[in-house]
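All residue numbers in this chain count up from 1 along the given sequence.
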Amino acid sequence: MKEKSGLTSIKSASSKTSIHRADAAFLDLSISNSRIIVEDDGKILAPKDSNPDSYETFEENQLERGLKARHVSLLSLGGAIGTGLFVGSGSALANCGPASLVLSYLTMSTVVYFVMQMLAEMTTFLPLPGNGAQAFVSDYLSESFGFAIGWNYWYAFSILVAAEVTAAAIVIQYWITSVNIAVWITIFLAVIIILNMSSVRFFGEAEFWFASIKLIALTGLIILGIVLFFGGGPSHDRLGFRYWKHSPFKEHLVSGSTGRFLGFWTAVIKSGFAFICSPELVATAGGECRKPRRNIPKAARRFIYRLVFFYILGTLVISVIVQSNNPRLMSGSSDASASPFVIGIQNAGIPVLNHIINATILTSAASAGNSFLYSASRALYSIACRGLAPKVFTKVNRFGIPYFSVAASSLFGMLAYLNCSSSSSNVFTWLSNISTISGFISWILVAFAYLRWRRAISYHQLTERVTFWTPLQPFGAYYVIFFISLLTITNGYAVFFNFKAGDFVAAYVTLPIVFGLYAGHRAYEMIRNGKVNWLRPISQIDVITGLDLIEEEDANEPDPVAKNLLQKFWYWVA
């Protein structure tokens, strides 16, 4: 064994290679506190910079490992259900009508299904530490695309912090309108930043209970909607599909059938905010789990069923209990302080419950903002560790918190103060548009990366070693590319009917940002490193390194066996 410049070159033929999988995963796009390790002469070493000939003494990731399995399972689903459904759906219902609202969420669910399955296929085949959406784009397309998408994810997560803080401010105004909204923004931002600067164990525990409250409340709301549908409320007024009888597809911007179609398309665009960045969370968490080739496909299948259950039934309940022309819905009016769930409960004459649900939605908004700041700071830490951001963002404090990354990501939260000069609904729309398009661009590149991964699998004749294939592929990838590209291009179409500079910037500012990031890194690679290929050649896409190790790990780790009925039920759920 030979030491040089802090690295160790392994020469021993008796060394044993294995995968160290940490006890907990970090829910970001590429951070891993797991590594491939080599045991040689009593030393534990790990490859450095994916170089099979260079090793360093293995040290677990400097970030604190405080998340437990139950935290991961609830964070994955809870993080995917936020204020896009609880608050943002009100705007779609008011402008587009009940049928457009439900069909838009159903349509976006098909897109999310294919994105989830693409990520699950790639992760299941080679669930190496650190694999995730950003890594796939970098490995299967090019490092320049990976650079652009890494910063794009950080940007999207950071913008979502401001969007969720804005939503929280909107909700709290349901009770108090006399206090300047800047006060509530300051309080929420302070709480979120403090939680993210403290130990991740406290963060994980808080998010576990927040997510639990959110999911229990949404389940209760769906049940309540069914009860009101059949006339089980205090007034025994059977709602049925009463509110669907008049303008189920509202005309939007223009009259006639064209206006009704534009209403549906606007609802689809708005629904994207509710789903954005959710498949990536599950794929990354699954890639860090034990027995990944068993658990990742299971998580992918369960995830889409749960999302469809909560989102489709949730929007159906909203369309049944609230009339689309209710003046209190978020439709651009000054009175945009209540969510459609709360309005429906109040209209039904159920006392107190509206305050409880509004408090739950407030908790959900604060929780989602907290999760997004966590994800944003870890994404920035991750790209800094790869040398794609200033090294200062890799520094951590004694609690294992990358405090410079948290501070930089928090700055985007200050955009919520735009509420002080414009209506809450406008600011919420601006921020949701910006973050939604960032997520859309990422999905498009993930789909392209998936197609090239399939070509690499075929080129290297590894088809028989792929253990998880999903139906309707690669047609699903083409569908995602076409549909999401169309959504991205038409995201701000409404601005051309009544041009407003702020709305135009919010709808399209992400496109030049991502292109600028890609072009800048591409120019650097050409000038500095002499790389001329704008895509990594199929023959150079590495889908072989680590495959034998993954298959050995999978074969040597038996499936868990439930010891009792409770444990059997938990294995089925999680």
Side-chain angles (χ1 to χ4, degrees), residues 25-32 34 72-73 75-77 79-80 108-141 145-146 148-150 152-153 156-157 272 275-289 291-308 375 378-379 382 438-457 466-481 483-484 541 543 546-547 550:
F26 289 94
L27 289 181
D28 64 274
L29 300 174
S30 59
I31 288 180
S32 171
S34 303
V72 173
S73 61
L75 278 168
S76 299
L77 186 58
M108 281 304 301
S109 293
T110 64
V111 175
V112 174
Y113 168 80
F114 285 118
V115 175
M116 180 74 259
Q117 300 309 312
M118 288 187 292
L119 287 169
E121 276 190 44
M122 292 186 286
T123 308
T124 301
F125 176 71
L126 208 60
L128 292 172
N131 269 358
Q134 178 189 346
F136 294 143
V137 170
S138 181
D139 293 342
Y140 304 148
L141 292 181
F145 278 118
I149 213 65
N152 181 61
Y153 268 122
F157 279 128
F275 292 94
I276 218 64
C277 291
S278 54
E280 293 90 337
L281 293 175
V282 177
T284 303
E288 289 300 310
C289 65
K291 196 71 174 175
R293 287 197 160 185
R294 170 186 176 272
N295 291 325
I296 295 171
K298 180 180 177 182
R301 287 189 289 263
R302 297 286 174 83
F303 176 77
I304 190 62
Y305 296 149
R306 290 164 179 170
L307 272 190
V308 168
S375 297
R378 270 44 174 198
S382 178
S438 295
F440 284 170
I441 294 172
S442 300
W443 287 354
I444 293 169
L445 290 179
V446 165
F448 275 115
Y450 171 77
L451 292 174
R452 293 189 50 85
W453 171 78
R454 287 180 68 102
R455 288 186 60 191
I457 292 295
V466 177
T467 59
F468 180 53
W469 292 109
T470 57
L472 302 178
Q473 295 289 9
F475 305 106
Y478 294 125
Y479 167 66
V480 170
I481 293 171
F483 192 82
I484 297 300
I541 294 179
V543 289
L547 181 58
I550 290 295

Which distance, rounded to the nearest 0.5 Å, do you find between the CH2 of Trp443 and the CZ of Phe483?
10.5 Å

Yes or no on side chain to side chain contact (heavy atoms under 4.5 Å, CB included) for Arg454 and Tyr140, after CA distance, side-chain angles and deciding distance?
CA-CA 10 Å; Arg454 287 180 68 102; Tyr140 304 148; over 6 Å; no

What's the verdict on side chain to side chain contact (heavy atoms under 4.5 Å, CB included) for Val115 and Phe275, showing C-alpha distance, side-chain angles and the deciding distance?
CA-CA 11 Å; Val115 175; Phe275 292 94; over 6 Å; no

Applying side chain to side chain donor-acceptor pair (under 3.5 Å) to Thr110 and not counting sequence neighbours gives Tyr479

Any heavy-atom pair between the side chains of Val137 and Phe448 that's under 4.5 Å?
no

From Ile457 atom CD1 to Arg452 atom CZ, the distance as rounded to the nearest 0.5 Å
13.0 Å

Which residues pass the ring-ring contact (aromatic ring centres under 6.0 Å, His included) test with Phe125, sequence neighbours left out?
Trp453

Residue pair Ala133 / Tyr153: nearest heavy atoms and the distance that separates them:
CB-OH, 3.6 Å

Given 3.5 Å as the limit, does a donor-acceptor pair link the side chain of Gln473 with the main chain of Ala477, or not?
yes

Nearest heavy atoms of Ala156 and Ser438, plus distance in Å:
CB-CB, 3.4 Å

Side chain proximity check, Gln117 to Leu472, heavy atoms < 4.5 angstrom
no

Residues at least two apart in sequence or cross-chain that pass side chain to side chain donor-acceptor pair (under 3.5 Å) with Glu121, listed by chain then number, are Tyr450, Thr470

Between Thr123 and Phe136, is a side chain to side chain contact (heavy atoms under 4.5 Å, CB included) present by the stated rule, with each step listed?
CA-CA 9 Å; Thr123 308; Phe136 294 143; 3.4 Å; yes

With sequence neighbours left out, write down each residue that passes side-chain contact (heavy atoms from CB on, under 4.5 Å) with Thr124, or none if nothing qualifies.
Arg293, Ile296, Pro297, Thr467, Phe468

Please report the shortest heavy-atom distance between Phe440 and Gly272, naming the atom on each side.
CZ-CA, 4.0 Å

Please name all residues satisfying side chain to side chain donor-acceptor pair (under 3.5 Å) with Ser442, sequence neighbours left out, ordered by chain then number.
Asn152

Separation between CE (Met118) and CG (Leu451), nearest 0.5 Å, reads 8.0 Å

